[in-house]
Amino acid sequence: MTKEEFKSRWESDSTGGGITFDEVAQCAKDWGIFGAPKTRPMDLVLYRVLCDAQTSDCEDYNPIEEEED
């Protein structure tokens, strides 16, 4: 799946267009984000794929929360 196809599907509805984690992992591998994405934390893989696809809500999935002062 291309980044454009992923973005279009992800943003098509509130459930992420029915994209499965296996599809997210395959995109991470195909796009060169992670060589073995299933060995990484799922939330990190999802976030990186969403950022690479430039989805409108990618920062909503950022697994690294900023500390409050």
Side-chain angles (χ1 to χ4, degrees):
M1 175 177 345
T2 68
K3 293 176 184 182
E4 294 78 16
E5 290 168 334
F6 183 95
K7 180 179 179 173
S8 177
R9 238 177 104 188
W10 181 264
E11 294 178 346
S12 69
D13 64 30
S14 63
T15 63
I19 294 174
T20 66
F21 183 66
D22 283 338
E23 290 173 307
V24 171
Q26 189 61 52
C27 288
K29 192 171 183 178
D30 292 347
W31 301 348
I33 300 169
F34 294 112
K38 291 184 179 182
T39 64
R40 304 288 185 134
M42 183 171 64
D43 56 345
L44 177 61
V45 175
L46 177 60
Y47 174 65
R48 294 283 306 275
V49 167
L50 293 175
C51 287
D52 266 31
Q54 298 179 355
T55 63
S56 60
D57 62 350
C58 66
E59 286 305 319
D60 294 344
Y61 293 87
N62 187 341
I64 302 169
E65 301 205 14
E66 294 185 30
E67 295 180 23
E68 294 184 22
D69 292 331

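What's counted below: heavy atoms across the whole structure, side chains too, no hydrogens, waters or symmetry copies.
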Nearest-0.5 Å distance that lies between atom [atom1] in [X] and atom [atom2] in [Y]:
X   : Y   : atom1 : atom2 : result
C51 : R48 : SG    : CZ    : 8.0 Å
E23 : F6  : CD    : CZ    : 8.5 Å
Q54 : E4  : CD    : CD    : 8.5 Å

### Query
Listed by chain and number, what are the ring-ring contact (aromatic ring centres under 6.0 Å, His included) partners of Y61, not counting sequence neighbours?
W10
Give the table of side-chain donor-acceptor pairs shorter than 3.5 Å for residues 11-18, with sequence neighbours excluded, one pair per line with atom names and distance.
{"from": "E11", "atom 1": "OE2", "to": "S56", "atom 2": "N", "distance (Å)": "2.6"}
{"from": "E11", "atom 1": "OE2", "to": "S56", "atom 2": "OG", "distance (Å)": "3.2"}
{"from": "S12", "atom 1": "OG", "to": "R9", "atom 2": "O", "distance (Å)": "2.6"}
{"from": "D13", "atom 1": "OD1", "to": "T15", "atom 2": "N", "distance (Å)": "2.9"}
{"from": "D13", "atom 1": "OD1", "to": "T15", "atom 2": "OG1", "distance (Å)": "2.9"}
{"from": "D13", "atom 1": "OD1", "to": "G16", "atom 2": "N", "distance (Å)": "3.2"}
{"from": "D13", "atom 1": "OD1", "to": "G17", "atom 2": "N", "distance (Å)": "2.9"}

### Query
Between V24, I19, D30, which is the residue that forms a side chain to side chain contact (heavy atoms under 4.5 Å, CB included) with V49?
V24
Could you list the donor-acceptor pairs under 3.5 angstrom formed between side-chain atoms of residues 35-47 and any protein atom two or more places apart in sequence or on another chain?
{"from": "K38", "atom 1": "NZ", "to": "D22", "atom 2": "OD1", "distance (Å)": "2.9"}
{"from": "T39", "atom 1": "OG1", "to": "A36", "atom 2": "O", "distance (Å)": "2.7"}
{"from": "Y47", "atom 1": "OH", "to": "E59", "atom 2": "OE1", "distance (Å)": "3.3"}
{"from": "Y47", "atom 1": "OH", "to": "E59", "atom 2": "OE2", "distance (Å)": "2.7"}
{"from": "Y47", "atom 1": "OH", "to": "N62", "atom 2": "ND2", "distance (Å)": "3.4"}

### Query
Can you tell me if NZ on K29 sees more than 12 non-hydrogen neighbours from other groups inside 6.0 Å?
no
